Amino acid sequence: MTVASNREIYFSFFMFTADLRPDDTDYTQVLVKHLKALTEMGYRGFDLHIAAGPAGINHELEVDSYVRLKKAFDKAGLEGAKFTTNVGTTRTFDPTSPYEEQRKQALSYLKSRVDITSALGGGDSIMSGPFLYPYGVFPLTDAGEPIWSDALQDWMTPRYLAARSVFQDLTEYASRKGVKLAIEPVKSWETPPPNMVSEALDFLETLEAPLCGVTIDTAQVLMESQGPQIFKENVARAVRQNRLYYVHVSAPDRGAIKDSWIPWDIMLGEIEPVYRGPYLVEVFNAIPPFDSSMRMARRRFWRPGEDKPEPDRDSAYEVASAALATLEEQLASSTRFRSHPSHRPATYAGDS
């Protein structure tokens, strides 16, 4: 007997772009076509990266542009689509800065991203991403030498302390907007800490912030975690604190999900019994800026309506469709495994 999965599965627009260009009405129509095609496949929501603007940008104008973008989506018949966002902090907007004025700028920036998430997600959404320490900004000594290992961990300690008041204010603001904040640890060759789920949870435990949690990304866990036992403990720890807000399903090479090296039994065996939020299929296409920042050698998945068709290569839609089928199959398999009598908790005389 086949047990069907009824979980919400979203798709990341990192397949198509890192910048939605909300003021570009022509590009909005390209986005609409992608959204409709993916909705027809069976995806129920989408994760959209909110690009950071330059220093001095008017955040209110940015928010207004995304409000218009959401209206364009609704007008195109996508009112039922759900949206989450992916947000990163930058060298300019740094909540861990030792300088108070810079932290204030970072808080203003992050609040604007909460507003954008609320506008896109309808007041019940998730803002995820590496938005604690600035993504990809590796520290240097006064002599210009990179800081690693113990020195890097020690360097981060006052940074975490500096960010506490920013995140306290941010979480309270996000709570009023109906937005959950989910810090995503990212592997160390991409960015400094937090690189592991345990590091993000350590920081969050210093806050009184009930609506600030973590994202678990299968690729990040595989490439940066301390092993299956620690993964199991971190999932339990996040659930115990009610901080497991989002799960990203991504292959180690950040490419196709089908026939990838994701250890489904380990990952879903721990997550699926205790997690009730959406799963996000996350594929990074070999397009700017990812091709250079991730040093991609593989060919891109051609994007219908944007790239020249390549009949002998998979399109972005084919990869997305296969990923959805794979994840649904793995979720159903996990359900079957857990529902089998041999895997149910034993009952004893006197149990009620």
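Only this structure's heavy atoms are used, side chains among them; waters, hydrogens and symmetry mates stay out. Just so you know, these numbers come straight off a predicted model, no measurement behind them.
- Looking at Glu328 and Arg7, no side-chain N of the basic residue comes within less than 4.0 Å of a carboxylate O on the acidic one, giving no salt bridge.
- A side-chain donor-acceptor contact under 3.5 Å links Asp115 and Tyr173.
- Checked for salt-bridge contact, Arg68 and Asp64 miss the test: no charged N lies under 4.0 Å from a carboxylate O.
- The closest side-chain donor-acceptor pair between Glu8 and Tyr10 falls under 3.5 angstrom.
- For the residue pair Thr215 and Ser128, a side-chain donor N or O sits within less than 3.5 Å of a side-chain acceptor on the partner.
- With 3.5 Å as the limit, one finds no donor-acceptor pair spanning the side chains of Gln105 and Thr92.
- No side-chain donor-acceptor contact under 3.5 Å links Thr96 and Tyr160.
- Side-chain contact of Glu272 with Tyr279: a donor-acceptor pair under 3.5 Å is present, judged by distance alone.
- In summary, Glu205 and Arg237 engage in a salt bridge, as defined by a charged side-chain N under 4.0 Å from a carboxylate O.
- A distance of 8.5 Å separates CG of Leu280 from CG of Asp217, quoted to the nearest 0.5 Å.
- Within 6.0 Å of CZ in Arg299 there are 12 or fewer heavy atoms belonging to other residues, nucleotides or ligands.
- Between Lys82 and Asp124, no side-chain nitrogen of the basic residue sits less than 4.0 Å from a carboxylate oxygen of the acidic one, so the salt-bridge criterion is not met.
- Using cut-offs of 30° and 60° for the angle between ring planes, the Phe284 and Phe14 rings count as parallel.
- With Arg103 as the fixed residue, the side-chain contact (heavy atoms from CB on, under 4.5 Å) test singles out one of Pro95, Ser97, Ser108: Ser97.
- Counting non-hydrogen atoms of other residues, nucleotides and ligands closer than 6.0 Å to CH2 of Trp189 gives a total above 12.
- Phe16 and Phe13 have tilted rings, their planes meeting at an angle from 30° to 60° on a 0 to 90° scale.
- Relative ring orientation between His34 and Tyr317 is described as perpendicular, the plane-to-plane angle rising above 60° on a 0-90° scale split at 30° and 60°.
- A donor and an acceptor atom, one from each side chain of Gln220 and His248, are nowhere located under 3.5 Å apart.
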